[in-house]
Amino acid sequence: MQTGGPADGQPSLEKGPARAVGRDLFPALARHQILEESAYQDLRRAIVEGRFAPGERIVAASVAASAGISRIPVTQALQRLEADGFVRISPHKDVVVLGWAPGEIRERFVLMAALESLCLRESVGKITPELCARLRALQREMLAARSRDDAGRAVQADGRFHHLLWEAAGLPQVMHILETLWDRGEYYRLIMHARRGGFATESLAEHERILDALEAGNLNDAAKAIEQHRLFAMKRLEDTPRS
């Protein structure tokens with residue numbers, strides 16, 4: 001008499017082919033993840049664009065009702081935004097958009113200066129003529145936007161200019177940190193340029209030094225130039241009147 005096999009009527013415990021696990025198996029979970037990501041991106045964009053100002057309260061229930069979704073994906077999106085430094089959630093679950101204290105401004109800009117410089121030093125063999133041409137086109141776009149007193153357009157082109165340099169390095173974790181730091185400062189950069197009478201001419205001159213070094217193939221000089229550019233930008237923001 002054989003022993004050790006499955007008893008009559010009992011399911012076999014032998015391992016078969018692994019069953020695929022995906023959206024078709026858990027459609028509700030997949031939909032929830034999509035809703036959370038959408039809520040995160042929409043709320044982050046609203047904060048970056050100043051539609052939620054520093055110090056303003058975000059009510060998850062109101063956001064969820066406006067979007068026609070449950071509170072759960074909105075609440076989880078807000079928790080991600082807190083981890084990124086965009087909001088603060090109190091023990092009573094109040095959500096407030098964070099501003100920038102002077103000490104925080106310095107810390108974030110010094111960190112950006114170091115990471116942007118690192119990106120350029122890690123871009124050996126990756127700064128192509130095509131990339132330089134795209135950077136030059138963005139520089140011209142910033143100049144044209146400044147001549148039209150369109151600070152918002154210039155700031156957008158400035159963001160694309162820097163993102164291209166981050167992408168060239170091929171350092172995804174560093175790029176994620178830089179993107180978060182950049183987005184956290186978008187609202188303040190717009191205010192700074194507007195209160196200074198338009199997109200800063202100093203910033204354009206600093207871009208020229210970065211571009212000249214890149215086109216000459218001198219990444220060390222380009223890295224130094226972008227580090228100085230970020231620290232000068234920090235000083236401009238610190239010197240901008242708050243009202």
Side-chain angles (χ1 to χ4, degrees), residues 40-56 81 84-87 97-102 104-113 115-117 119-120 131-168 174-211 214 222 225-243:
Y40 170 80
Q41 294 296 341
D42 288 347
L43 286 166
R44 179 171 173 147
R45 189 177 306 111
I47 294 170
V48 166
E49 293 175 355
R51 286 180 280 135
F52 284 117
E56 187 171 348
L81 288 167
D84 287 346
F86 286 90
V87 302
V97 178
L98 289 175
W100 274 26
E104 184 186 2
I105 289 175
R106 175 169 178 76
E107 180 181 358
R108 287 180 178 271
F109 271 80
V110 168
L111 180 56
M112 286 189 74
L115 293 179
E116 287 192 294
S117 177
C119 283
L120 283 180
L131 176 57
C132 288
R134 293 172 68 187
L135 293 168
R136 276 288 174 197
L138 288 168
Q139 177 78 338
R140 289 194 295 272
E141 187 175 338
M142 284 178 259
L143 285 163
R146 176 175 170 75
S147 70
R148 295 192 299 268
D149 294 323
D150 190 346
R153 178 75 176 271
V155 167
Q156 288 178 353
D158 183 36
R160 295 199 299 276
F161 180 97
H162 285 276
H163 274 71
L164 283 176
L165 294 175
W166 306 342
E167 289 171 3
V174 172
M175 185 167 176
H176 175 73
I177 296 169
L178 282 166
E179 285 176 338
T180 297
L181 293 169
W182 185 273
D183 285 353
R184 279 277 286 120
E186 184 79 0
Y187 176 75
Y188 292 93
R189 281 193 299 278
L190 283 167
I191 290 175
M192 175 191 74
H193 289 297
R195 290 179 181 170
R196 289 173 59 87
F199 192 79
T201 55
E202 303 98 321
S203 185
L204 292 167
E206 290 153 17
H207 283 173
E208 283 293 333
R209 287 193 285 276
I210 296 166
L211 282 166
L214 290 174
I226 204 166
E227 185 176 19
Q228 290 177 339
H229 169 52
R230 189 56 54 217
L231 296 177
F232 289 154
M234 175 186 72
K235 187 69 167 61
R236 286 192 288 272
L237 181 55
E238 288 175 337
D239 292 344
T240 299
R242 293 291 187 268
S243 60

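Rounding to the nearest 0.5 Å gives a distance of 9.5 Å between CG of Leu43 and CZ of Arg51. Between Leu81 atom CG and Tyr40 atom OH the span is 5.5 Å, to the nearest 0.5 Å. Atoms CG and CD1, from Leu135 and Ile210 in turn, are 9.5 Å apart once rounded to the nearest 0.5 Å. Atom CZ of residue Arg236 and atom CD of residue Glu206 lie 4.0 Å apart, to the nearest 0.5 angstrom. The CG atom of Leu214 sits 8.0 Å away from the CD1 atom of Ile226 when rounded to the nearest 0.5 Å. In this structure, NE2 on His229 lies 9.0 Å from CE on Met112, to the nearest 0.5 angstrom.
The two residues Met142 and Ala154 have their closest heavy-atom pair at CG-O, 3.6 Å. Contact detail for Leu164 and Leu138: the closest heavy-atom pair is CD1-CD1, 3.6 Å. Here the shortest heavy-atom pairing between Cys119 and Leu165 reads CB-O, 4.2 Å. In terms of heavy atoms, Ala53 sits closest to Val97 at O-CB, 3.4 Å.
Taking 4.5 Å as the limit, some side-chain heavy atom of Ile47 sits within range of a side-chain heavy atom of Val87. Side-chain atoms of Met234 and Arg108, non-hydrogen and from C-beta on, never get closer than 4.5 Å to each other. Two residues are said to be in side-chain contact when any heavy atoms from C-beta on lie closer than 4.5 Å; Glu227 and Leu120 fail this criterion. Within the 4.5 Å cutoff, side-chain heavy atoms of Thr180 are placed close to those of Arg44. Annotation: side chain of Leu178 is in contact with side chain of Glu116 (closest heavy-atom distance under 4.5 Å). Under the 4.5 Å side-chain criterion, counting only non-hydrogen atoms from C-beta, Trp182 is in contact with Trp166.
The side chain to side chain donor-acceptor pair (under 3.5 Å) test applied to Glu56 returns no partner, not counting sequence neighbours. For Ser203, there are no side chain to side chain donor-acceptor pair (under 3.5 Å) partners at least two apart in sequence or on another chain. Looking at residues two or more places apart in sequence or on another chain, you find a side chain to side chain donor-acceptor pair (under 3.5 Å) between Gln139 and His207, Glu208. Taking Arg45 as the reference, Asp42 meet the side chain to side chain donor-acceptor pair (under 3.5 Å) condition, with sequence neighbours excluded. Under the rule for a salt bridge (charged side-chain N to carboxylate O under 4.0 Å, His left out), Arg209 has no partner lying at least two apart in sequence or in another chain. In this view, Glu202 and Arg196 satisfy the salt bridge (charged side-chain N to carboxylate O under 4.0 Å, His left out) rule, not counting sequence neighbours.
For Arg134, the CZ atom counts as loosely surrounded, since its 6.0 Å shell holds 12 or fewer non-hydrogen atoms of other residues, nucleotides or ligands. Arg153 CZ: 12 or fewer foreign heavy atoms inside a 6.0 Å radius.
Of the possible donor and acceptor atoms, one in the side chain of Arg146 sits under 3.5 Å from a partner among the backbone N and O of Phe199.
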